[in-house]
Amino acid sequence: MSHQPIAENRPTPTIEDYLAMMFVMERDGESIVAARLAESLEVSPPTVTVTLKRMERDGWILIQGRRNIHLTELGSKAARSVIRRHMLTEWMLARMLKVPWSEVHSEAHAIEHHISDEIESKMKLNFDNPQLCPHGNPFPGYEHVTANWQALTQLQPGDRLFIRRIHEMAEADSKLMLFLEDNGIIPGTQAEVCDVLPFNQTLTLCLEERRVVLGFAAAQYIYVEVL
Ligand SMILES: [Zn+2]
Ligand SMILES: [Zn+2]
């Protein structure tokens with residue numbers, strides 16, 4: 001028995017992951033750089049180069065220079081589709097299967113590419129049309145919901161806050177995610193910045209029952225609502 005494609009004109013899982021990453025970079029106003037794709041997707045730079053060529057041939061992206069890569073309308077549509085399926089799958093894993101918060105992102109990758117449009121609609125309905133994923137990242141079209149949250153690295157000692165969002169770029173780092181979960185640094189947690197040491201590139205968060213030291217490299221991906 002042969003497997004029919006889940007939907008017409010949907011790219012392969014690999015291309016979907018590239019498109020999702022690129023969508024996030026463009027959304028954040030960053031240029032799409034091959035080296036960063038290689039690092040984030042854990043593939044070699046030559047592999048990225050070959051894949052990008054193929055993606056341009058197939059109409060997902062436009063390459064107008066090394067630092068001038070853009071999603072086409074078709075590419076953006078496909079990216080938004082896989083991001084929605086990714087986030088809905090995260091909710092399904094977290095809520096229905098009680099998969100730990102720190103693991104739902106990586107588990108979702110194995111499932112998200114094989115969800116039909118019909119099942120996507122059912123998931124959306126079942127989870128009350130969420131605007132954010134379990135990590136606080138916005139569904140495409142809901143970027144305004146997160147617009148006023150600030151990166152933790154912009155705060156001063158004494159600032160009180162709610163943790164709201166762990167950026168997509170950190171979600172893929174499973175050790176960091178586990179550390180954050182173990183220390184209660186997840187959306188909804190209240191905390192205070194009790195120390196910032198720029199020469200050390202660290203800041204200390206005081207939570208209800210513990211103090212957690214974070215490097216700026218990780219803290220830049222944690223977005224908060226300042227009280
Ligand atoms: Zn994936
Ligand atoms: Zn997420």
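Remember, it's a predicted structure, so these values are computed and weren't measured experimentally. Each residue takes its place number in the sequence, starting with 1. Just follow the structure's listing: the first ligand is 1, and inside any ligand the first atom is 1.
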- Are any N, O or S atoms from Cys133 nearer to the Zn ion (ligand 2) than 2.8 Å?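 Cys133 does place an N, O or S atom closer than 2.8 Å to the Zn ion (ligand 2).
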- Using a cut-off of strictly less than 2.8 Å, determine whether Glu168 has an N/O/S atom near the Zn ion (ligand 2). no
- Item | side chain to side chain donor-acceptor pair (under 3.5 Å) partner of Arg85, chosen from Glu90, His114, Glu16 |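 The residue from Glu90, His114, Glu16 that satisfies side chain to side chain donor-acceptor pair (under 3.5 Å) with Arg85 turns out to be Glu16.
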Can you tell me if [atom1] on [X] sees more than 12 non-hydrogen neighbours from other groups inside 6.0 Å?
{"X": "Asp182", "atom1": "CG", "answer": "yes"}
{"X": "Gln64", "atom1": "CD", "answer": "yes"}
{"X": "Gln190", "atom1": "CD", "answer": "yes"}

- Query: Which angle, to the nearest 10 degrees, do you find at the Zn ion (ligand 1) between NE2 in His113 and ND1 in His109?
  - Reply: 160°
- Task: Give a rough value, rounded to 10 degrees, for the angle at the Zn ion (ligand 1) between atoms OD1 of Asp17 and OE2 of Glu112.
- Result: 110°
- Task: Using only N, O or S atoms, tell me which atom of Glu90 is closest to the Zn ion (ligand 2).
- Result: OE1
- Task: Report the name of the N/O/S atom of His135 located nearest to the Zn ion (ligand 2).
- Result: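 Relative to the Zn ion (ligand 2), the closest nitrogen, oxygen or sulfur of His135 carries the name ND1.
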- Task: State plainly whether the residues Arg10 and Asp117 are in salt-bridge range, i.e. N to O under 4.0 Å.
- Result: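 The answer is yes: the pair qualifies as a salt bridge.
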